2 protein chains.
Amino acid sequence: MTKEQHRVTLEDVAREAGVSIMTVSRVMNNTGRISEETRTQVRVVAERLGYRPNRAARTLVTKRTMLIACIMPDITNPYFAEILQGVEDTAWQEGYNVLLMNTNENPDREYAVLSQLDDSTVDGVIACSSRISDEQLIPLLRKHPAVVTINRVLPKDVGSIVLSQRHIGHRAVLAAKYLYQTGRRRIGYLQLVRGSSSFTSFDFVKTLEAEGITIDPAWCRRCPPVWKAGYEQGKMLLEEHPELEAVVGGNDLVTLGLMRAAIELGRKIPDNLALVGADDILISSQVTPPLTTFRMDKYEIGAMASRLLLLRMQGDYTYREMFFPEELVIRGTT
Amino acid sequence: MTKEQHRVTLEDVAREAGVSIMTVSRVMNNTGRISEETRTQVRVVAERLGYRPNRAARTLVTKRTMLIACIMPDITNPYFAEILQGVEDTAWQEGYNVLLMNTNENPDREYAVLSQLDDSTVDGVIACSSRISDEQLIPLLRKHPAVVTINRVLPKDVGSIVLSQRHIGHRAVLAAKYLYQTGRRRIGYLQLVRGSSSFTSFDFVKTLEAEGITIDPAWCRRCPPVWKAGYEQGKMLLEEHPELEAVVGGNDLVTLGLMRAAIELGRKIPDNLALVGADDILISSQVTPPLTTFRMDKYEIGAMASRLLLLRMQGDYTYREMFFPEELVIRGTT
DNA sequence: TAGTTTTGAGTTAGCGTTATCCGATACTGA
DNA sequence: TCAGTATCGGATAACGCTAACTCAAAACTA
């Protein structure tokens with residue numbers, strides 16, 4: 001199909017149906033008072049001519065794009081894929097389409113993406129697990145009338161928030177405490193590297209210290225949130241610190257990478273090394289031994305983000321914070 | 001931020017800079033002849049005022065949305081997630097954003113999505129592994145000036161094509177032949193259910209018959225392309241046909257589901273039951289035993305689709321067909 | 001019957017850009 | 001010096017739609 005065809009406009013329909021442009025517009029939008037007779041007449045003509053309203057023209061006057069932007073760190077991580085599925089399903093049900101902006105865990109790209117975005121492009125923004133600093137993120141989000149963040153706490157006026165853990169790092173501390181209860185003493189930590197995270201291995205060590213659990217900072221490693229990095233960092237960590245009895249991973253992917261490294265190093269899991277992951281992706285239940293991790297409703301997190309965004313887009317700027325409880329699923333690695 | 005603020009327009013910049021609207025427009029688009037002096041002057045004012053061009057207004061006159069639609073059956077399937085990553089990265093590099101339309105393997109939803117889409121919404125469409133029939137799909141795609149399909153052959157005038165297997169079902173036949181070579185005789189098939197697929201278990205049986213391999217049609221099952229379905233259908237299949245020595249799966253997810261069922265039924269893999277998957281997602285290499293499957297460059301498939309689409313969007317309507325070879329990766333399940 | 005409301009549909013005026021045409025300088029060469 | 005030709009930038013008219021207002025005719029009301 002070439003580009004040179006004539007687009008069917010309201011005017012064409014109006015002329016053909018012998019009514020004014022406004023009448024056709026009203027019929028198409030089901031607004032205003034139109035007699036049943038005229039209505040069906042216009043509908044028939046519009047159908048016959050194959051009329052489709054021009055989205056840009058409509059947007060220009062209504063100032064609504066019917067689009068929402070969803071900024072994701074990495075859609076090949078099943079954790080985010082499932083959240084995105086929830087976002088898209090819910091948005092779709094409400095007549096919105098999703099502009100996907102995948103940043104590949106790259107803060108520079110995330111910054112570029114957010115800079116490019118403005119309120120003439122989308123009606124709202126969902127920023128999931130942002131990897132950039134508050135200083136960069138907040139001004140960029142303030143440009144938008146409706147914002148929801150996932151797994152990131154921002155000032156209440158910026159937007160609503162969906163969280164899957166009460167505080168950053170809360171999960172890792174819980175995992176370590178559980179491992180301690182099961183008798184492990186030398187507990188390592190594969191902390192996710194991201195531009196933003198305020199929770200560091202320093203906090204990990206300190207928080208657990210307060211609980212009477214001593215962690216050697218040398219047992220903690222920073223690690224990009226992908227499988228390969230978990231494998232590589234994990235291998236180094238275990239080689240340098242064979243005394244480790246357990247490791248807490250920042251997400252399932254890196255924990256699984258580390259598990260592979262451990263197996264290659266001859267470690268027997270869980271007897272020789274215990275592992276706890278973080279987000280219960282499908283693969284985690286299917287490996288041998290299956291990974292102990294935290295379960296949460298990822299789809300529902302995404303769906304809720306869409307719902308909260310919709311409220312804001314409809315002008316309800318009440319600050320809302322939804323907390324999704326996560327549950328430790330004990331499987332074969334502990 | 002409320003909606004009531006005044007948007008900075010070309011007019012504001014023009015007034016402030018003491019030039020005409022057209023001059024500002026030219027500067028913003030780097031078109032036309034503008035003196036260096038005026039150019040920087042306008043740039044400074046635009047920057048100070050925080051001017052951002054209105055995308056809808058621009059689209060209305062240029063007829064370009066800078067958006068492409070990507071229709072995906074299921075982004076929680078890592079196979080598609082990786083393709084989507086390739087699509088998005090490449091589109092982004094060229095200044096395009098991606099409208100994600102995830103259909104959750106639901107043909108009705110895919111039909112609805114495609115019906116809603118028109119050329120005033122996006123500049124091009126990538127339809128990945130469409131689940132609807134040619135009769136439905138072709139007219140819907142013809143509305144668009146630029147189309148690329150992934151894993152779906154259509155008339156050459158509809159759009160370009162990216163394929164990861166030479167013919168539908170080619171992979172399954174290859175897998176069966178390989179299993180036969182390794183001594184397996186009673187080979188089952190978990191065929192993916194989709195609205196469209198022209199390759200049926202009937203073809204599977206017939207094609208292999210021609211190769212001298214006899215398959216009992218009762219060993220073939222249709223199965224939705226998700227893990228759970230593979231597990232359930234697999235369990236039924238293995239219970240009803242304990243004589244099976246091997247099964248070919250339509251994709252890795254269902255094969256893995258079947259593998260779980262087989263293990264629960266006490267089958268030893270690969271001695272007691274051999275398995276071949278289809279798309280080498282990460283999880284397949286991490287389970288025990290690791291899955292024998294077909295490897296292909298999923299990211300590159302998506303990236304290529306974007307590149308082919310770009311060519312069409314730039315007016316090069318040459319039909320192109322890219323074939324990505326896939327390679328059998330022999331691991332622990334055969 | 002005259003006044004009032006309701007109903008259905010037309011008219012006008014943008015929304016914020018860019019395409020296109022056109023005019024005013026300034027520069028060129030003979 | 002004077003046409004000829006770059007060079008720069010303004011004026012105008014769309015693009016396709018909807019908000020807001022207007023108004024005639026029909027349908028009530030007292």
Side-chain angles (χ1 to χ4, degrees), chain A residues 3-43 45-46 49-67 95 118-123 145, chain B residues 3-43 45-46 49-67 95 118-123 145:
Chain A
K3 288 204 156 194
E4 302 314 328
Q5 68 189 315
H6 175 67
R7 228 198 117 81
V8 181
T9 67
L10 273 185
E11 196 179 346
D12 299 323
V13 179
R15 190 183 317 112
E16 193 80 5
V19 297
S20 79
I21 289 181
M22 259 329 283
T23 303
V24 182
S25 172
R26 288 189 180 105
V27 172
M28 299 315 289
N29 292 291
N30 279 316
T31 60
R33 286 185 285 258
I34 303 288
S35 72
E36 207 44 56
E37 192 186 6
T38 314
R39 189 178 298 277
T40 53
Q41 218 257 330
V42 168
R43 286 231 179 86
V45 174
L49 264 44
Y51 170 72
R52 315 246 64 186
N54 180 307
R55 212 158 153 160
R58 196 174 256 184
T59 294
L60 191 57
V61 34
T62 62
K63 312 221 172 302
R64 304 180 67 205
T65 61
M66 301 310 281
L67 253 35
D118 71 333
D119 64 337
S120 82
T121 311
V122 293
D123 293 340
Chain B
K3 288 205 157 194
E4 302 314 329
Q5 66 189 316
H6 175 65
R7 230 199 114 81
V8 181
T9 68
L10 274 184
E11 196 180 347
D12 299 323
V13 179
R15 191 183 316 113
E16 194 80 5
V19 296
S20 81
I21 289 182
M22 259 329 284
T23 303
V24 182
S25 172
R26 288 189 179 108
V27 171
M28 299 316 289
N29 292 291
N30 280 315
T31 61
R33 286 185 285 259
I34 302 289
S35 72
E36 206 44 56
E37 191 186 7
T38 315
R39 190 178 295 278
T40 53
Q41 216 258 332
V42 168
R43 285 231 180 86
V45 174
L49 264 45
Y51 170 73
R52 316 247 63 188
N54 181 308
R55 213 159 152 159
R58 194 174 258 185
T59 294
L60 190 56
V61 35
T62 62
K63 313 225 173 299
R64 306 180 66 205
T65 61
M66 300 309 282
L67 255 34
D118 71 333
D119 64 337
S120 81
T121 310
V122 292
D123 294 338

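Computed from a predicted model, the values in this text were never measured in an experiment. Below, chains carry the letters A, B, ... as their sequence lines are ordered, and counting in each starts from 1. Excluded from the calculations below are hydrogen atoms, water molecules and symmetry mates; all remaining heavy atoms, backbone and side chain alike, are included.
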Considering non-hydrogen atoms only, spot the tightest contact between A/Glu16 and A/Leu49 and give its length. CB-CD2, 4.2 Å
Under 4.0 Å protein heavy-atom contact, by nucleotide of nucleotides 18-29 of chain D - B base, S sugar-phosphate only: BBBB--------
If you compare all heavy atoms of A/Met66 against all heavy atoms of A/Asp123, which two are closest, and at what distance to 0.1 Å? N-OD2, 2.8 Å
Taken to the nearest whole Å, CD/B/Glu37 to C1'/D/dG9 is 13 Å
Would you find a donor on one side and an acceptor on the other, under 3.5 Å apart, between the side chain of A/Thr59 and the backbone of A/Arg55? yes
A/Leu60 CG to D/dC17 C1': how many Å, rounded? 8 Å
Exactly one of A/Thr40, A/Thr38, A/Ile34 clears side chain to side chain contact (heavy atoms under 4.5 Å, CB included) with A/Glu36, and that residue is A/Thr40
Using a 4.0 Å heavy-atom cut-off, does B/Arg39 contact any base of the nucleic acid, only the sugar-phosphate backbone, or nothing at all? nothing
pair B/Arg58-A/Ser120: side-chain heavy atoms closer than 4.5 Å: no
Considering the terminal five base pairs at each end of the helix from C/dT1-D/dA30 to C/dA30-D/dT1, what angle separates the two local helix axes, rounded to 10°? 30°
Please list, in 5' to 3' order, the outermost nucleotides of DNA chain C lying under 4.0 Å from any heavy atom of chain A. C/dT7 to C/dG16
Compare every heavy atom of B/Arg43 with every heavy atom of B/Asn30, then report the nearest pair and how far apart it is. OD1-NH2, 3.2 Å
Does A/Arg33 or A/Val19 map to a spot on DNA chain C nearer the 5' end, using the closest nucleotide for each? A/Arg33
Touch class at under 4.0 angstrom, heavy-atom based, for A/Thr59 against every strand present: nothing
Please tell me if the side chains of A/Val24 and A/Val27 come closer than 4.5 Å, counting only heavy atoms from C-beta onward. no
Heavy-atom side-chain proximity of B/Tyr51 to B/Val45 below 4.5 angstrom: no
Please determine whether a side-chain nitrogen of the Lys or Arg among A/Asp119 and B/Arg52 lies less than 4.0 Å from a carboxylate oxygen of the Asp or Glu. no
